[in-house]
Amino acid sequence: FAELLSNLPPSVNCLAVSPDSTLLAIGGSERRIELRDLREGKLQAAVTTKAAPFSVDFHPEGTKLATGSYGPQGEVWSIEEDGDMELMRTEQCGFAAAFSPDGKTLALSTRRISFVDAETGTRHDGAHISMITSARFTADGKYILSTSTDGTFRQWNPATGKHVRQLELPAGVSQVLAISADDATVAGKHEVEGVVLWDRDSAEVKATFGKEQGQPVSAAFSPAGDLLATAGPDAVRVWETNELKIRQSWKYEETDRGPV
């Protein structure tokens, strides 16, 4: 990761690892999406978006990338065999964009979650009581999990768009940042401890770490769940989740603004 992290853009809002763990998608405040080789760190593609991306998600086949933004506007990009990216279409959405595990549905959100057919663009909507900040499908595709500015963590039925239940958050958690691929572990921002990992269903805390490094603004698990990448106030770090140690880090230069 040394070469990869030393070349990251200075303002990182969101991260995503491709299904085969070969690419890292990076979204920043400068209306830019980058695709980089996860092993060597080489830039594969870079495109300019119409608004600063707040979330990125790979299609399960790795052939598309969806973004959510401050616009609010979402974009769906194709990832070509030669590594280039081509804009397929735009969607009215908000902060969050997420593909279902079968790739047939794209969830988009503002103050509601819209479930869009990934091929035809037809949609149905669900309600929410505040601005949604993140959304992702569970591994079995039966539900979608969302977080919002009201501090809630909710579970939805994508087939009907209806709210199923509200999930409990551990005390002191101010924001959910990432959910592991097996849906078992959630990573969030703690008001005091930095990063906290907890069991999704029981809300039992598994670990807290990174207090000295400051509170993160974004995070992404690797598909295997053994790594967690975080973008903090001063640096991007890659943590080993088993031993809770930093594998690699990159500090922003003095002229850089850091993540927003």
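In what follows, every heavy atom counts, from backbone to side chain, and hydrogens, waters and symmetry copies are set aside.
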Q: Search all heavy atoms of Pro101 against all heavy atoms of Pro60 and return the closest pair with its distance.
A: O-CG, 3.0 Å
Q: Between the main-chain N or O of Gly225 and the side-chain N or O of Thr241, is there a donor-acceptor pair closer than 3.5 Å?
A: yes
Q: Checking Glu75 side chain against Lys50 main chain: does a donor-acceptor pair fall under 3.5 Å?
A: yes
Q: Taking C-beta and beyond as the side chain, do Glu80 and Met85 meet within less than 4.5 Å on heavy atoms?
A: no
Q: Treating Thr49 as the side-chain partner and Ala51 as the backbone partner, does any N or O pair qualify as donor plus acceptor under 3.5 Å?
A: yes
Q: With a 3.5 Å distance limit and no angle check, can you tell me whether Asp183 reaches the backbone of Thr138 through a side-chain donor-acceptor pair?
A: no
Q: Considering non-hydrogen atoms only, spot the tightest contact between Phe153 and Glu168 and give its length.
A: CD2-O, 4.5 Å
Q: To the closest 0.5 Å, what do you measure between CG (Asp182) and CZ (Arg200)?
A: 9.5 Å
Q: Can Thr185 and Lys206 be counted as having a side-chain donor-acceptor contact under 3.5 angstrom?
A: yes
Q: Could you report the tightest heavy-atom contact between Ala98 and Arg136, atom names first, then the distance?
A: CB-CA, 3.8 Å
Q: Rounded to the nearest 0.5 Å, how far apart are CG of Leu177 and CG of Leu228?
A: 8.5 Å
Q: Can Leu167 be reached from Leu197 by stepping across I, L, V, M, F, W or Y side chains whose heavy atoms are under 4.5 Å apart?
A: no
Q: Calculate, to the nearest 0.5 Å, the distance between atoms CD1 and CG belonging to Ile79 and Asp82 respectively.
A: 11.5 Å
Q: For the hydrophobic clusters of this structure (ILVMFWY residues joined by side-chain heavy atoms under 4.5 Å, transitively), does one cluster hold both Trp77 and Leu23?
A: yes
Q: With the side chain counted from C-beta on, respond yes when Leu65 and Asp57 share a heavy-atom pair under 4.5 Å apart, and no when they do not.
A: no
Q: Quick one, Ile26 with Leu15, criterion side chain to side chain contact (heavy atoms under 4.5 Å, CB included). Give me CA distance, side-chain angles, the key distance, then yes/no.
A: CA-CA 5 Å; Ile26 306 161; Leu15 305 168; 4.2 Å; yes
Q: Yes or no on side chain to side chain contact (heavy atoms under 4.5 Å, CB included) for Ile33 and Thr67, after CA distance, side-chain angles and deciding distance?
A: CA-CA 9 Å; Ile33 294 286; Thr67 69; 4.0 Å; yes
Q: Quick check on the 6.0 Å ring-centre criterion: do Tyr143 and Trp156 meet it?
A: no
Q: Counting distance only, does the side-chain N/O of Asn13 pair as donor-acceptor with the main-chain N or O of Pro53 below 3.5 Å?
A: yes
Q: Closest approach of Asp226 and Ser222, non-hydrogen atoms and distance?
A: OD1-OG, 2.8 Å
Q: So which atom in Trp198 and which in Gly188 form the shortest heavy-atom distance, rounded to 0.1 Å?
A: CZ3-N, 3.5 Å
Q: When rounded to the nearest 0.5 angstrom, what distance separates NZ in Lys104 from NE2 in His59?
A: 10.0 Å
Q: Please tell me if the side chains of Leu145 and Ile179 come closer than 4.5 Å, counting only heavy atoms from C-beta onward.
A: yes
Q: Of all the heavy-atom pairs spanning Ala66 and Leu106, show the shortest one and how long it is.
A: CB-CD1, 3.7 Å
Q: So Gln215 and His190, do their side chains get closer than 4.5 Å, heavy atoms only?
A: no
Q: Yes or no on side chain to side chain contact (heavy atoms under 4.5 Å, CB included) for Glu86 and Met88, after CA distance, side-chain angles and deciding distance?
A: CA-CA 6 Å; Glu86 296 289 340; Met88 298 177 64; 5.8 Å; no
Q: Do Phe221 and Val186 make a side-chain contact, defined as non-hydrogen atoms from C-beta onward lying under 4.5 Å apart?
A: no
Q: Any side-chain heavy atom of Phe58 within less than 4.5 Å of one from Val17?
A: no
Q: Check whether any side-chain heavy atom of Leu169 lies under 4.5 Å from a side-chain heavy atom of Val176, and answer yes or no.
A: yes
Q: Which value, rounded to the nearest 0.5 Å, describes the distance between Gln213 atom CD and Thr230 atom OG1?
A: 8.0 Å
Q: So, taking the atom named CZ in Phe209 and the one named CD in Glu193, what distance separates them when rounded to the nearest 0.5 Å?
A: 11.5 Å
Q: Are Val47 and Leu87 connected in a single hydrophobic cluster, I mean Ile/Leu/Val/Met/Phe/Trp/Tyr linked by side-chain heavy atoms less than 4.5 Å apart?
A: yes
Q: Would a distance-only check, ignoring hydrogens and angles, find a side-chain to backbone donor-acceptor pair under 3.5 Å from Gln155 to Ile144?
A: no
Q: Find out whether Arg154 and Arg165 are in side-chain contact, i.e. whether some heavy atom of one side chain is under 4.5 Å from a heavy atom of the other.
A: no
Q: Taking atom CD of Gln166 as the centre, does the number of heavy atoms from other residues, nucleotides or ligands within less than 6.0 Å exceed 12?
A: yes
